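For reference, the structure is listed below as structure tokens.
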Amino acid sequence: MPGRVDPRWTGATIRESFDEVTPELRQQLLAWWELHGRHGIPWKLLPDGRRPEPGEVLDPYPVLVAEVMLQQTQLQVVLPYWQRWMAALPSLEALAAAAEHDVLMLWQGLGYYSRARRLHQAAGQLLAVHTESRKPNPNRRLSQNPGLSEAPGPYDPELWPRSLEAWQALPGLGRSTAASIVSSAFDQPEAILDGNVKRVLARLIASPRPPARQLARFWQLSELVLDPRRPRAFNQALMDLGASVCTPRSPSCGTCPWQGHCAAYAAGDPARFPVKDAPRTVPYQVIGVGVVLDGAGRVLIDQRLNEGLLGGLWEFPGGKQEEGEAIAATIRRELDEELAIAVAVGEELVVIEHAYSHKRLRFVVHLCTWLSGEPQPLASQQVRWVLPVELADYPFPAANARIIAALLEHLAAAGAA
DNA sequence: GACGCGTGGAT
DNA sequence: TATCCAAGCGT
């Protein structure tokens, strides 16, 4: 039954039901937020720079872009990417019309690249629905097409869904991102559940189990505490609290508006929450990489498949070193298997250690000379010979960006000699 | 429900 | 330096 908390959640200072303390929790958090919250986030302001009043609507497009960028990514990292994106693709129409290549260029360095491609798809879907609904349709009754008589807002209200379900149906948008969008843009009462909220709530109730194993209950709890009168402000306040006060390592409980209600604080060791599962050991692999040059000074790159790691980005070809295999042999074998070319492996260009979320790689990069075979995209979307100066026009993952830097240094040194 | 999926900031 | 972890989603 909604509106009632599992008795096991009740911590030392939460003796009755949550229903009785939620008004106080809301008031305390919002009062704290007015003084200490992050109020300058650009996509949460009106065009004139004012904060929106309760119920006032924001343009959903900047919010959509920001919320997808913010998935598993900190605010200060997102900000410059969002600024650059909005300058390049200032509208949903511009995004939908953009080439995927340009979308990935704007996302380069942010990570989780499927987000960019799915956001691109989502823009196309939103616009396709809109275009379809605008087509004259003799079978559609007028009453089925409301909105045409509504007063025009600062954005096209017909273009953007209001319901959580419609947003969540878009690629790359799950419940939390969809809820963030509708609560931010429309001030609708939908609960969110990101890392900040999980941590704050886990401490509030001193949850003995990892949030990931209690997702339904954490969603329910986020719904319970949400202030339905000021959902936009409340959700933002909850995240700000987690980001600035209820931090992972050493929370500043002395300044927390919820200290008096926090079961983890009452238990004496708030940093013990949220309880975590034991971390998985990440595999370690050595990758042989070939920077293949032809006689015209061009270098060979390929575009990765959309599925899997770094999908859609470009790279220098290579692959995993096998047991007992010399790295030069790895490079020759991989370029034969994946590109059907023969190369002579030359000097080592650079060695790069790089950690992903789920594996650690050591890239051993060698300059190579192309010998024979027209490169084939046997394990990639496409392959291309480009001049080194043209590498800046392709989206590369972070580790490959370091290879490019090393290559340009090498060429500059060779040219100067 | 577990796992794959990037990168950089903070400590 | 090593580790944690971030405005999560799709499969």
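Quick note on labels: first sequence line is chain A, next is B, and so on, each numbered from 1. Here the structure is a predicted model, which is why all the values come from computation and not from measurement.
Minimum atom distance to the side chain of A:Asp194 is reached by C:dG8, of the listed C:dG8, C:dG10, C:dC4. Minimum atom distance to the side chain of A:Pro279 is reached by C:dC4, of the listed B:dC3, C:dC4, C:dA7. Side chain of A:Ala243, nearest nucleotide from C:dG8, C:dA7, B:dG4: C:dA7. With C:dC4, B:dC5, C:dA6 as the candidates, the nucleotide lying closest to the side chain of A:Lys276 is C:dC4. Out of C:dG8, B:dT7, C:dC5, the shortest distance to the side chain of A:Pro248 is found at C:dC5. With distances taken from any side-chain atom of A:Leu70 to the nucleotides C:dA7, B:dG6, C:dG8, the minimum falls on C:dA7. Proximity note for A:Gln236 (side chain, C-beta onward) versus C:dA7, B:dC5, C:dG10: the nearest is C:dA7.
Whole-Å rounding puts the A:Ile192 CD1 to C:dA6 C1' distance at 14 Å. Remark: C1' of B:dT7 and NZ of A:Lys359 are 15 Å apart, rounded to the nearest angstrom. In this structure, CZ of A:Arg175 is placed 15 Å from C1' of C:dA7, rounded to the nearest angstrom. Per the geometry, CZ belonging to A:Arg209 stands 14 Å off C1' belonging to B:dA2, to the nearest Å. Taking atom OH of residue A:Tyr356 and atom P of nucleotide C:dC5, one finds them 22 Å apart after rounding to whole Å. The CG atom of A:Leu193 sits 14 Å away from the C1' atom of C:dA6 (whole-angstrom rounding). Rounded to an integer number of Å, the gap from A:Ile181 CD1 to C:dA7 P is 17 Å. Rounded to an integer number of Å, the gap from CZ of A:Arg115 to C1' of C:dA7 is 10 Å.
Nearer to the 5' terminus of DNA chain B, by closest-nucleotide assignment, is the contact made by A:Asp277 (compared with the other of A:Tyr113 and A:Asp277). Each of A:Arg280 and A:Gly111 was assigned the nucleotide of DNA chain B with the nearest heavy atom; the assignment lying further toward the 5' end belongs to A:Arg280.
Residue contacts for A:Leu173: at a heavy-atom cut-off of 4.0 Å it reaches the sugar-phosphate backbone alone, with no base atom in range. Looking at heavy-atom distances under 4.0 Å, A:Thr177 makes contact with sugar-phosphate atoms alone, never a base. Residue-level contact check: A:Leu119 touches neither bases nor backbone, having no heavy atom under 4.0 Å from any strand. In this structure, A:Ser176 reaches the sugar-phosphate backbone alone: every heavy-atom distance under 4.0 Å involves primed, P, OP1 or OP2 atoms, never a base.
Between A:Glu223 and A:Arg175 a salt bridge is recorded (basic side-chain N to carboxylate O distance below 4.0 Å). Salt-bridge check for A:Glu390 with A:Arg384: failed, with every basic side-chain N at 4.0 Å or more from each acidic carboxylate O.
In terms of modelled atom types and a separation under 3.5 Å, the side chain of A:His120 and the main chain of A:Ala98 share a donor-acceptor contact.
Side-chain N/O atoms of A:Gln72 include one lying less than 4.0 angstrom from OP1 or OP2 on C:dG8. Residue A:Arg213 has a polar side-chain atom (N or O) positioned under 4.0 Å from OP1 or OP2 of B:dA2. At B:dC5, one or more side-chain N or O atoms of A:His358 fall inside 4.0 Å of OP1 or OP2 (strictly under the cut-off).
Evaluation of atom-type donor-acceptor distances gives a pair under 3.5 Å for the side chain of A:Arg38 against the base of C:dA7. A donor N or O paired with an acceptor N or O is not found under 3.5 Å between the base of C:dG8 and the side-chain atoms of A:Thr73.
Comparing B:dG4 with C:dA7, their P atoms are spaced 23 Å from each other, to the whole Å. When the C1' atom is compared between B:dG8 and C:dT1, the two are found 16 Å apart, to the nearest whole Å.
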Run the side-chain donor-acceptor check on residues 395-409 of chain A: report pairs under 3.5 Å with partners two or more places apart or on a different chain.
unit_1   : atom_1 : unit_2   : atom_2 : d
A:Asn400 : OD1    : A:Phe316 : N      : 2.9

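Residues passing the side chain to side chain donor-acceptor pair (under 3.5 Å) test with A:Gln236 are A:Lys44, A:Asp240, sequence neighbours excluded. For A:Pro211, the side chain to side chain contact (heavy atoms under 4.5 Å, CB included) partners at least two apart in sequence or on another chain are A:Lys198, A:Ala202, A:Phe218, A:Pro274. Residues passing the side chain to side chain donor-acceptor pair (under 3.5 Å) test with A:Arg362 are A:Glu353, sequence neighbours excluded. Here A:Arg117 pairs with nothing under the salt bridge (Lys or Arg N to Asp or Glu O under 4.0 Å) rule; sequence neighbours left out.
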Write out a two-atom table: protein N or O, nucleotide N or O from nucleotides 8-11 of chain B, distance below 3.5 Å.
unit_1 : atom_1 : unit_2  : atom_2 : d
B:dG9  : O3'    : A:Gln76 : NE2    : 3.4

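Paired with A:Pro62 under the rule side-chain contact (heavy atoms from CB on, under 4.5 Å), one option of A:Trp43, A:Trp85, A:Tyr155 passes, and it is A:Trp43.
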